[in-house]
Every structure is written in structure tokens, then in C-alpha cells.
Q: 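Just passing along the structure, written as C-alpha cells.
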Amino acid sequence: MNILLSEDEIRVRVAQIAAEVNRDFAGRPLTVVGILTGSLVFLADLIRRIEVPLKIGLIQASSYCGETTTAGELRINDALLTDVRGRDLLLLDDILDTGHTLTRIVAHLNAKGAASLRTCVLLRKVGRQQVPFEPDYTGFSIPDKFVIGYGLDYDDDYRHLPYIGELTP
Ligand code: 5GP
Ligand code: MG
């Protein structure tokens, strides 16, 4: 295991993102929407540093044909989403790779009547994006490697690791 981002580095950066969110949303109630399952750890850490009133919503996106990260049909399950009509949303994902997932979910949430929507990713892979998408908040840019930990999985394992690492054979 090659550690790319240590627990300490992540903690410092998450606090900085929370400070930006607190500044940008000062006094405005917020709904933080986490994309399952990868954003769970990030969401749990980030929300505890956010000082505006907030609700939590969860949404799940899975690709039809297995675990491919390339373009394909996404199935969106919003059974765990709170009512987003008229709410200011902050959509969280673990990693921006091709950009398809976030693009689709942004459209889905806007269609549900969100008042406004900002996006936040912990990681952004450099050189992988296939559709134009600019997150409002980005934790770290990382090289094109398959990473695990801090919510990110390989075959649903390793999500609990407190750091982000590159899985080596
Ligand atoms: P996109 O739709 O932007 O291509 O893909 C985003 C999703 O692909 C992420 O939410 C994540 O589930 C998955 N993904 C992309 N790169 C990685 C990676 O390096 N590690 C893991 N564990 N998941 C990844
Ligand atoms: Mg994901």
C-alpha cells in the first residue's frame, strides 16, 4: 500500500473546505447530499465542521454494467433523499473521475427543484475527465491511480481506512 494522503493531511484539508463552506453559506440553511457509498466518511467529517443549520440527504448512483468508471448508464436511487425542493444543496462525492456521475446527479437534483446547487469533491483525478465539470470545492488533485480508503473501495473493501492509498499488487 502506497499512502497518497495521510490522515493528518485529509483532516487539515477537510477543515479548510468547511471554512470555505461556512463563509459562502453564512446564515443560509443547507442540505448536504452525499453520494453513496464513497462519500460517507468525507460527509461525516465535513458536516461536523459546518456551522450553518443543515439537513442530510443521501443518493446512490450505480452503473448498470458492474464497476466500470467509463461512460455507461447510471442508475440513480433517491429513496433516501430528503425533500430538496427550494433548498440550497451541497452535493458531495468522493472522487471526480470522468465526470459522468456528478453531471447526471446534478441534473437529477435540479429537476427535483433545488433552489441552488454547489458541488464538492474530496479528490479530482487529473487527466481523466470526459465531460466538462467544475466542482465548487475540491480537496485534492491526484494522479491517475486507483485509490482506496477514506470511503473509497475496491470491491467494497478498504472503505474504513483513515488514509487514502494506492492499492499495489
Ligand atoms: P465518474 O463518473 O466521475 O467517472 O466516477 C466517479 C465514481 O467512480 C466515484 O464516485 C467512484 O465511485 C468511482 N471511482 C473513480 N475513480 C476511483 C478510484 O480511484 N478509486 C475508487 N475506489 N473509486 C473510483
Ligand atoms: Mg462513487
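Side chains included, hydrogens not; waters and symmetry mates left out as well; all remaining heavy atoms used. Atoms within a ligand are numbered from 1 in the order they appear, just like the ligands themselves.
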Q: Which heavy atom of Leu123 sits nearest a heavy atom of Leu152, and at what distance?
A: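 The pair with the smallest heavy-atom distance is CD1-CD1, 3.7 Å.
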Q: Compute whether any side-chain donor of one residue and acceptor of the other, for Asp45 and Tyr150, lie under 3.5 angstrom apart.
A: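 Result is yes, a qualifying pair exists.
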Q: In terms of side-chain geometry, is the basic nitrogen of Lys112 or Asp83 positioned less than 4.0 Å from the acidic oxygen of its partner?
A: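 The answer is no: the pair does not qualify as a salt bridge.
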Q: Among Gly99, Gly38, Ser62, which residue places a heavy atom closest to atom 3 (O) of ligand 1?
A: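 Among Gly99, Gly38, Ser62, the closest heavy atom to atom 3 (O) of ligand 1 comes from Gly99.
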Q: Check whether any side-chain heavy atom of Asp24 lies under 4.5 Å from a side-chain heavy atom of Tyr137, and answer yes or no.
A: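 They are in side-chain contact.
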Q: For atom 19 (O) of ligand 1, tell me which residue out of His100, Arg128, Arg124, Lys125 has the closest non-hydrogen atom.
A: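 It is Lys125 that holds the nearest heavy atom.
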Q: Would you say Ser141 and Arg124 are linked by a side-chain donor-acceptor pair, where the criterion is simply a distance under 3.5 Å?
A: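 No.
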Q: Hey, is ligand 1 close enough to Tyr154 that some N/O pair sits below 3.5 Å?
A: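 No; the residue has no nitrogen or oxygen that sits under 3.5 Å from a nitrogen or oxygen of the ligand.
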Q: If you take the nearest heavy atom of each of Thr98, Asp144, Val147, Leu152, which one is closest to atom 20 (N) of ligand 1?
A: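 Comparing heavy atoms across Thr98, Asp144, Val147, Leu152, the nearest one to atom 20 (N) of ligand 1 lies in Val147.
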Q: Any chance you could lay out the side chain to side chain contact (heavy atoms under 4.5 Å, CB included) test for Leu81 and Val33, step after step, and finish with the verdict?
A: CA-CA 8 Å; Leu81 193 62; Val33 177; 3.8 Å; yes
Q: What are the atoms of ligand 1, with element, lying closer than 4.0 Å to any heavy atom of Lys145?
A: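 Result: 19 (O).
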Q: Mark up the atoms of ligand 1 that fall under 4.0 Å of a heavy atom belonging to Asp93, in ascending order.
A: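 Reading through ligand 1 atom by atom, the close ones are 10 (O).
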Q: Is there a heavy atom in Ile148 that sits closer than 4.0 Å to ligand 1?
A: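 The answer is no: ligand 1 sits nowhere under 4.0 Å from a heavy atom of Ile148.
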Q: Of all the atoms in ligand 1, which lie at a distance below 4.0 Å from a heavy atom belonging to Thr101?
A: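 Once the distances to Thr101 are compared, the set is 1 (P), 2 (O), 5 (O), 6 (C).
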